[in-house]
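In this text, all values refer to a predicted model and were calculated from it rather than measured experimentally. So you know, we letter chains A, B, ... as the sequences are listed, proteins then strands, and number each from 1.
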Amino acid sequence: MSSSPDYFGEDTAIFANKELLQVSHLPDGDQIIGREEELKNLGSALRPALNGNTPSNVFLYGKTGTGKSLCSKFISRQMMQRAADNGIRAGFAYVDCLQDSTETQAVQSAGHQLNDPDQTEITIPQSGLSTAAYYKRLWDIIENHYDVAIIILDEVDKLESDHILMQLSRAVESGKLEDSKLGVIGISNKIRYKDDLNERIKSSLCERDYVFPPYDANQLREILYSRDDAFVDDVLDQPVIPHVAALAAQEHGDARQAIDILRYAGEIAEEHGDETVREEHVSLAQEKEEQNRIAELISKAPTHTRYVLLALAFRVQQSTDSAPEIPNKDVYETYQHICEQENSDPLKQRRVRDLLNELEFLGIIKQDRRGRGRGKGGYTVNHLVDEPELVLRACKEDPSPT
DNA sequence: CCTCCACAGGAATTTGCGGGGT
DNA sequence: ACCCCGCAAATTCCTGTGGAGG
C-alpha cells in the first residue's frame with residue numbers, strides 16, 4: 001500500500017454504508033426495482049410450498065444483471081420464512097452452473113448447501129464420490145430433513161449435461177423422494193435454451209417460464225438511487241448516477257454492471273482524496289469494471305488458460321494492426337515461451353485449441369476461421385474483445401487464491 | 001475445376017486425483 | 001493398508017475440410 005502511516009486512512013468521506021453496493025446485497029422487498037411483475041409470478045409459482053405442497057417448476061430467461069438470480073433468491077428466502085411460520089421445513093440451494101458445470105459438481109453443491117452436518121450426520125465431500133452417490137446423499141438429506149426444497153440452477157445452459165434436470169424433475173415420480181417435495185428454478189441467459197431440451201424435461205420443468213427484460217435507463221437510475229445511502233450525503237455529484245445509468249443501459253441494461261461502476265467511482269474518488277464523486281471518476285470506473293470482469297472470469301480458470309490468454313494479449317499488444325488477428329499457431333508459440341518463463345510444462349497444441357475455445361465461450365475472445373490454400377491449410381484467428389492492457393493487468397492481478 | 005495440405009476438432013485413451021470399500 | 005472406482009484434464013490418434021495455386 002502507500003507510505004501513509006495511518007493504514008486505515010481517514011474516516012471515509014465518501015462511503016457511509018458500502019455494503020449496499022455489494023452485488024450480493026439482498027434488498028428488502030420494496031427495494032427491488034422494476035421487477036414487481038416478476039416477483040408476483042415467482043411468488044405464485046412457489047405458493048404451494050408454503051403449505052408443504054409441490055411448487056411449480058419455473059424457468060427464467062434474461063440477460064445477465066436483469067435480476068433473475070436476485071429475485072429467485074429473494075423469493076426463495078421469503079418462502080422459507082413464511083413456510084417456517086406454518087411449521088413447514090423448507091430450504092433452498094443456489095447452484096451456479098457456471099462454476100459447477102458438471103452434473104456431479106452441481107449435485108454436490110446442492111447437497112452441500114442443503115446439508116447441515118451437525119444435524120444430518122451426512123457428509124458431502126468436495127469430490128471423490130460417484131455421481132450416483134452424490135444423488136443418494138442429496139435425496140437422503142431432503143427426504144429426512146426437509147418438507148420442501150427448492151433448487152435454483154443459475155445459468156443452466158452452462159451445464160454440460162441435462163441429465164441432472166431429468167433427475168430432479170423425476171425425483172418424486174421415480175420414488176427417490178416420497179414425503180418431501182422438490183421445486184426447480186432454472187435460470188438461463190439464452191432464450192432458446194428451452195428448445196434444445198427434450199420433451200420430457202420441457203413438460204415437467206418448464207411448467208411456467210418468465211422473461212426478465214433488461215433494465216432501461218430509468219430503472220437503472222432508480223436502482224442506483226435506491227442504494228445511494230451507501231454514500232455520505234451530498235458527495236455524489238448530481239449527474240453521476242444518471243451518467244452511470246446511461247452507460248449501463250447503453251451496454252446491456254445490466255444492473256450488476258451499473259452498481260459495480262458506481263462503487264468503483266466512489267472508490268476511485270476516495271483513493272484520489274477527492275471530496276465528491278464526479279463524472280470524471282465514472283469513466284475511470286467503467287474501465288476498472290471491465291478489467292475486473294475479466295479478472296473474475298479467469299480467476300476461476302486453470303493456470304494454463306490464463307497463460308494462453310496472456311499469450312494472446314501479448315501478441316495483440318505487439319501487433320501494429322488496429323484489429324489484430326492472431327492465428328492459433330502464433331498464440332501457441334508465445335504460450336510456450338510463457339510456460340518456459342513460468343517453469344511449467346506446456347500443454348499440447350490440441351489442448352490449447354480447446355482452451356481457446358473455452359475462452360471464446362466465456363466471451364473474452366472472438367474467433368474466426370481464415371482462408372486456406374495449397375500448402376497452407378486452414379486456421380483460426382483470435383481477437384481480444386477488450387483492450388490488451390486491461391487483459392494483461394487482469395491476468396497479473398490475482399496470484400490464484402482458492 | 002481439381003488438388004492438396006495444414007490445421008480443426010471428434011473420438012479413444014491415458015493420467016492424476018480424491019475418496020470409497022474391505 | 002490395500003485396491004479399486006469415477007471423474008476431469010490432458011494426450012494421442014485420427015479424419016474432415018476449405019480455398020489458393022495449379
For A:Asp330, give me all partners under salt bridge (charged side-chain N to carboxylate O under 4.0 Å, His left out), at least two apart in sequence or on another chain.
A:Arg315
Starting from [atom2] on [N], measure out to [atom1] on [X] and report it in whole angstrom.
{"X": "A:Asp368", "N": "C:dG18", "atom1": "CG", "atom2": "C1'", "result": "15 Å"}
{"X": "A:Gln108", "N": "B:dG19", "atom1": "CD", "atom2": "P", "result": "10 Å"}
{"X": "A:Lys348", "N": "B:dA11", "atom1": "NZ", "atom2": "P", "result": "23 Å"}
{"X": "A:Gln105", "N": "C:dG6", "atom1": "CD", "atom2": "P", "result": "18 Å"}
{"X": "A:Tyr332", "N": "B:dA6", "atom1": "OH", "atom2": "P", "result": "18 Å"}
{"X": "A:Lys136", "N": "B:dG20", "atom1": "NZ", "atom2": "P", "result": "14 Å"}
{"X": "A:Tyr134", "N": "B:dG19", "atom1": "OH", "atom2": "C1'", "result": "8 Å"}
{"X": "A:Leu347", "N": "C:dA10", "atom1": "CG", "atom2": "C1'", "result": "7 Å"}

Check: residues 337-351 of chain A side-chain donor-acceptor pairs under 3.5 Å, at least two apart:
unit_1   : atom_1 : unit_2   : atom_2 : d
A:Ser344 : OG     : A:His304 : NE2    : 3.3
A:Arg350 : NH1    : A:Asp354 : OD1    : 2.9
A:Arg350 : NH1    : A:Asp354 : OD2    : 3.3

Ring centroids only, cut at 6.0 angstrom: are A:Tyr61 and A:Tyr210 within range, meaning strictly under it?
no
If the plane angle is over 60° it's perpendicular, under 30° parallel, otherwise tilted; pick one for A:His281 and A:His272.
perpendicular
Answer yes or no on whether A:Lys73 is positioned over the face of A:Tyr94, meaning its NZ or CZ is under 6.0 Å from the six-membered ring centre and within 45° of the axis.
yes
The reported gap from CG in A:Asp274 to CG in A:Asp237 (rounded to nearest 0.5 angstrom) is 10.0 Å
Could you go through nucleotides 7-9 of chain B and list every protein N or O atom that sits under 3.5 Å from one of its N or O atoms, giving the distance for each pair?
unit_1 : atom_1 : unit_2   : atom_2 : d
B:dC7  : O4'    : A:Gly378 : O      : 3.1
B:dC7  : O3'    : A:Gly378 : O      : 3.3
B:dA8  : OP1    : A:Asn328 : ND2    : 2.8
B:dA8  : OP1    : A:Thr380 : N      : 3.3
B:dA8  : OP1    : A:Thr380 : OG1    : 3.4
B:dA8  : OP2    : A:Arg353 : NH1    : 3.0
B:dG9  : N7     : A:Arg350 : NE     : 3.1
B:dG9  : N7     : A:Arg353 : NE     : 3.3
B:dG9  : N7     : A:Arg353 : NH2    : 2.7
B:dG9  : O6     : A:Arg353 : NH2    : 3.2

